[in-house]
Amino acid sequence: MLDIKLIREQTDLVRQRLTSRNGGDEKFVDEILSLDELRRKLLTEVEQLKAQRNKVSKEIGALMGQKKFDDAEAKKKETREIGDRIVELDQRVAEAEQKLHHTLIALPNLPNESVPAGKSAEDNPFIRSHGEKPDFAFKPKSHVDICEQLKLIDFARAAKLSGSGFLLYTNWGARLERALIQFLLDLHTTDHDYTEVSPPFVVGPQCLEGVGQFPKFKDQYYGLAVGDDQNELGKLYLIPTAETPVANIHREEILAEKQLPIKYCAYSPCFRGEAGAAGVGTRGMIRVHQFDKVELIKIVKPEQGYDELEKMVANAERVLQLLGLHYKVILLCTGDMGFASAKTYDIEVWAPGQGSYLEVSSCSNCEDFQSRRMGMRFKTDAGENKFPHILNGSGTALARLFVALLETHQQPDGSVLIPPALQPYLKTDRIHA
RNA sequence: GGAGAGAUGGCUGAGUGGCCGAAAGCGCAGGUUUGCUAAACCUGUGAAGGAGUAAUCCUUCCGAGGGUUCGAAUCCCUCUCUCUCCGCCA
């Protein structure tokens with residue numbers, strides 16, 4: 001959520017930054033300003049009336065104490081009208097506030113000044129890469145073929161259980177998935193100093209709203225009900241990422257400055273409805289309704305937000321380096337960024353069998369956009385309450401990492417070599433048929 | 001799911017319609033004194049939002065939301081959560 005004061009005081013800047021996103025949201029600015037003005041006008045008026053009523057009520061109390069009942073009655077009459085007026089004004093304030101909130105909550109974050117302008121993914125600048133595309137003496141197979149030959153994933157039976165877009169990992173496939181999760185968590189807790197948490201995989205709507213997944217993208221997530229009770233729908237949702245519960249851990253809290261920075265990492269499965277995504281490019285593991293991910297979350301002082309973002313990207317890159325994978329880092333332009341983000345780096349890993357790069361990590365600084373929505377603040381040593389920056393990054397997504405790993409390390413004989421960093425977890429240096 | 005109890009400031013805990021934003025204790029901060037890794041005593045000490053250069057002022061807050069009233073921590077209704085016991089369950 002944007003700071004209403006910023007919209008009020010630097011309207012042109014806000015309008016210009018919203019325009020740079022190409023979402024057409026700048027058209028709401030005028031509406032917001034007039035609602036804000038109305039709200040403040042009504043609030044001033046009603047607060048004055050309340051002050052008056054409080055004063056007279058105290059006087060009535062004093063008169064009753066002195067048994068001057070007639071005087072008290074006279075004052076009661078006078079105050080009753082004020083009360084009616086307060087009720088009416090309170091309603092109008094609430095109405096204005098609701099409308100304002102409704103509009104404000106649907107507005108995306110402003111891109112940071114360092115983010116290049118652009119319309120789409122075409123305009124995302126390349127930042128750096130690591131390693132090279134591997135040479136193969138044979139035509140590298142797709143992970144789908146590798147998985148079928150090595151019996152790592154049973155696509156057909158997964159569909160039988162849950163429909164398309166779900167995976168049944170089997171034998172070494174399941175063990176590889178588990179080894180990767182363990183490897184990632186160990187790396188980030190031990191080497192990168194994140195605190196591991198294991199959150200609920202089901203959350204209330206306030207958490208989705210807090211990170212910016214609601215209300216605009218509501219149709220992308222799985223809603224739950226107990227039994228067939230329709231009244232239950234809307235109370236709980238499957239998480240689309242561990243960001244949803246973990247970023248919300250300190251919602252509605254005022255943290256002490258010395259608690260910051262907070263660094264969490266968490267494994268969770270991620271559930272994505274992805275309505276309308278079926279069709280092209282959905283075969284295999286690249287776009288599925290459920291996948292595993294290890295997520296990184298930071299809550300930091302605003303002045304440290306962007307340094308911490310760079311470090312977070314480096315933490316995610318380290319994963320790919322240790323697994324011997326070629327990747328590139330790109331910066332998302334203003335037109336391609338997510339709703340809540342002020343600046344986002346994507347990490348794309350090379351998948352030889354696909355002949356393309358796959359997004360395995362997205363690291364964003366959402367600045368105070370989410371902390372405002374959640375009411376999460378920290379008290380400075382000077383006693384001032386401020387909104388912290390909240391960062392999130394994949395460290396990394398598993399299904400696509402699994403794909404890149406198999407396709408990169410596949411051998412002419414059909415086996416797959418396991419990189420040294422992963423061997424202690426999988427307890428083998430090779431998977432073969 | 002059934003029965004009961006409860007939710008008050010950083011914590012414990014009083015408060016059943018009017019100087020209650022809230023007693024008392026603990027904690028915390030400052031001070032005095034004795035003098036020694038501490039005690040005693042005194043003073044101060046809730047939060048959020050807003051206006052103002054500031055002193056200061058206003059509004060709101062006793063789990064949440066409604067209601068009654070001139071006035072609600074206190075009375076009424078609804079909801080949520082916590083605890084104990086029972087049932088069911090990985």
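First the proteins, then the strands, lettered A, B, ... as listed; each starts at 1. Values in this document were obtained by computation on a predicted structure and should not be read as measured data.
Look at the C1' atom in both B:A14 and B:G25: the space between them is 11 Å, to the nearest Å. Straight-line distance between the C1' atoms of B:C57 and B:U69: roughly 28 Å, to the nearest whole Å. Distance check on atom P: B:G87 versus B:G2 gives 15 Å, rounded to whole Å. Using atom C1' as the reference point in both B:G13 and B:C62, the two lie 13 Å apart (nearest Å). Between B:A23 and B:U45, the distance separating the two P atoms is 11 Å to the nearest Å. Annotation: B:C20 and B:A72 have their P atoms spaced 16 Å apart (nearest Å). Remark: the separation of the C1' atoms in B:C83 and B:C42 is 41 Å, to the nearest Å. A distance of about 12 Å separates the C1' atoms of B:U8 and B:G46, rounded to the whole Å.
Searching all strands for a Watson-Crick or G-U wobble partner of B:C19 with both distances below 3.5 Å returns nothing. The partner of B:G49, taking Watson-Crick or G-U wobble pairs whose two distances both stay under 3.5 Å, is B:C58. For B:G63, the paired nucleotide is B:C79, the pair qualifying as Watson-Crick or G-U wobble because both relevant distances are below 3.5 Å. In this structure, B:C36 makes no Watson-Crick or G-U wobble pair, since no nucleotide meets both defining distances under 3.5 angstrom. Checking B:U74 for Watson-Crick or G-U wobble geometry (two distances, each under 3.5 Å) identifies no partner in any strand. The base-pairing partner of B:C88, taking Watson-Crick or G-U wobble contacts with both distances under 3.5 Å, does not exist among the strands shown. Of the nucleotides present, B:C28 is the one that pairs with B:G44 by Watson-Crick or G-U wobble criteria, both distances under 3.5 Å. Across all strands shown, nothing is found opposite B:G9 as a Watson-Crick or G-U wobble partner with both distances under 3.5 Å.
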Using a cut-off of under 3.5 Å, enumerate the N/O to N/O pairs linking the protein to nucleotides 59-61 of chain B.
residue	atom	partner	partner atom	Å
B:U59	OP1	A:Ala51	N	3.4
B:U59	OP1	A:Asn54	ND2	3.2
B:U60	OP2	A:Asn54	ND2	3.3

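The interatomic distance linking A:Ile254 (CD1) with B:G10 (C1') rounds to 13 Å, in whole Å. When the C1' atom of B:C58 is taken as reference, atom CZ of A:Arg40 falls 16 Å away, rounded to whole Å. Distance A:Leu43 CG to B:G50 P: 11 Å, rounded to the nearest Å. Distance CE (A:Met374) to C1' (B:A48): 20 Å, rounded to an integer number of Å. Atom NZ of A:Lys235 is separated from atom P of B:C79 by 11 Å (rounded to the nearest Å). One atom, NZ of A:Lys58, and another, C1' of B:A22, lie 12 Å apart when rounded to the nearest Å. Protein atom CD of A:Glu252 is 16 Å distant from nucleotide atom P of B:G63, rounded to whole Å. Taking atom CD of A:Gln206 as the reference point, atom P of B:U80 lies 14 Å away to the nearest angstrom.
In this view, A:Ala225 and A:Glu232, A:Leu233 satisfy the side-chain contact (heavy atoms from CB on, under 4.5 Å) rule, not counting sequence neighbours. A:Lys99 pairs by the side-chain contact (heavy atoms from CB on, under 4.5 Å) definition with A:Leu35, A:Glu95, not counting sequence neighbours.
When each of A:Met64 and A:Ile60 is assigned the nucleotide of RNA chain B with its nearest heavy atom, A:Met64 is the one assigned upstream, toward the 5' end.
A salt bridge is defined here as a Lys NZ or Arg NE, NH1 or NH2 lying under 4.0 Å from an Asp or Glu carboxylate O, and A:Asp90 with A:Lys50 meets this definition. Of the charged side-chain nitrogens involved, none lies within less than 4.0 Å of a carboxylate oxygen, so that A:Asp25 and A:Arg17 do not count as a salt-bridged pair. Salt bridge absent: A:Arg80 and A:Asp84 never bring a charged side-chain N and a carboxylate O closer than 4.0 Å.
When the shell of 6.0 Å around CD of A:Glu37 is examined, it contains 12 or fewer heavy atoms from other residues, nucleotides or ligands. Around the CD atom of A:Glu81, the shell of radius 6.0 Å holds no more than 12 heavy atoms that belong to other residues, nucleotides or ligands.
Using a 4.0 Å heavy-atom cutoff across all strands shown, A:Ser57 reaches at least one base atom of the nucleic acid.
When ring centroids are compared, A:Phe339 and A:Phe217 come within the 6.0 Å threshold.
The shortest distance between the side-chain N/O atoms of A:Arg377 and the OP1/OP2 oxygens of B:G49 is below 4.0 Å.
Residue A:Asp346 forms a side chain to side chain donor-acceptor pair (under 3.5 Å) with just one option from A:Ser361, A:Ser394, A:Ser362, and that option is A:Ser362.
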